[in-house]
Amino acid sequence: MDQQTSRVDVGIVGGGPAGLMTALLLKRRGISAAVVERRSQEAIRTTQRAGILEAPTVDMLVDAEIGSRVLTEGHEHEGTVLSFDGVQHRIDFQELVGRSVWLYPQNEVFRDLATAWQAEGGEIHWEADDVAVEGLESEAPVITFTDAAGEPGRIEAQLIVGADGSRSMCRRLIPDEVRTDYFTSYPFAWFGILCEAPPTAPELIYANSEVGFALISQRNEDITRMYFQCDPDTDPESWSEEAIFDHIQQVLGGEEVVQLKRGRIIEKTVLPFRSYVCDPLTHGRLVLAGDAGHTVPPTGAKGLNLAFSDVRALVPRIVEFLEGLTGGEGLTAGADDVGSGPGAPADLTAPLRRYSATSLDRVWKAQNFSWWATNLLHRAPDEDEFAHHRRRGEFRAITGSVHGQAYFADSYTGWAGDRHD
Ligand code: DHB
């Protein structure tokens, strides 16, 4: 036998948060998994991503007992500030819907998951090249790759999870005849900076003005994350530090409203916007999770939270699928969810299709919220005066009514009561 061959229950393409969380939760259920990732651990750890976690995402990190620092180093946010033309409105999540969100950057989530998976002896191949998946329509799907040392590798599994991010190779393995790609694009992007400055305000500020959108987020006492709306073709080097801060201050409405804390800029990037959904999220022995199956624009910070809600819905369905293969033998997993029951059809992949339907139901709610919040808070380059005033009316309808505020709070904090599993 080829020395580089592993045999596991589940092969996972992608070692970001979706892939690693799936691997860890499967292991808790006695199911073996191996992960292949194209990028280096360092590259993933240092890529800036969003920083807001919904309560169920935090619960997953805590319940998985992986030593996540989310509760000690993360910060609970009981509300956020929305600002339009320099007038601020606080949305009180706790008062409106009884929930909070946590500021804990995705890089830290990744670090916690990667550390735990490796500490538990989990198989992972970083910097894998030539990653390919074969045999999805057979009973023996395989991941092949070239490892970081240039040696060929092979993972034989019962099921493949494609958690390989927004440029997913796995999603293209769902044949065109059965796959629908839903897209929309936006005429703007975000210019993101990290700077050496303390927090400007106790909570995040989502601000909108005549010159577009800005978001003042946070990282820690010394580092701040901010974004402002820009043209997708912007060269980050074309903006000086002073011009960036002057512009963000203008969006906030001037120093009499809030005084922006400035500091040396240590990173500048332009983040493109797009919305994408792949339907279905499964084919044969493949399931997609996280950005591989759906991408949202960053307004509302839904990306990682959707990835985790996928994993929450997916893991019990994988257990069910594998039990179906073995007739319930050989797995230590608990049967805490509805089984297929006596007389059920022999289609073993039915649980995977149920996962797809469950996930897409939530994904479309998040697509709606991310699209809506984006359009509410950004100024399109061709926006006319009617559209601008209409948008201000919409903003006032949200911030000026407890029901409007509750809609925002419920969506932003992740839809209570939405069990999705
Ligand atoms: C952050 C990013 C977001 O897209 C968002 O909506 C909130 C916070 C962040 O990077 O902190």
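Throughout, residue positions are numbered sequentially from 1 according to the sequence presented. Since this is a predicted model, take the numbers as computed values, not measurements. Numbering of ligands and ligand atoms starts at 1, following listing order.
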Tell me which donor-acceptor pairs under 3.5 Å the side chains of residues 51-63 have, and how far apart each pair is, sequence neighbours excluded?
unit_1	atom_1	unit_2	atom_2	d
E54	OE1	R362	NH2	3.3
E54	OE2	K302	NZ	2.7
T57	OG1	N305	OD1	2.7

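- Around ligand 1, the residues contributing at least one heavy atom under 4.0 Å from the ligand are R49, A50, G51, I52, W190, L204, Y206, L215, S217, R219, R225, Y227, P298, G300, A301.
- The pair R49-D291 counts as a salt bridge, with a side-chain nitrogen and a carboxylate oxygen less than 4.0 angstrom apart.
- Sorted by first and then second residue, the ring-ring contact (aromatic ring centres under 6.0 Å, His included) pairs with a member in residues 45-64 form an empty list; sequence neighbours excluded.
- Aromatic ring orientation, F188 versus Y186: tilted (interplanar angle from 30° to 60°).
- For E177, the side-chain contact (heavy atoms from CB on, under 4.5 Å) partners two or more places apart in sequence, or in a different chain, are P175.
- Geometric assessment of R274 against the ring of Y276 yields a positive cation-pi assignment under the 6.0 Å and 45° thresholds.
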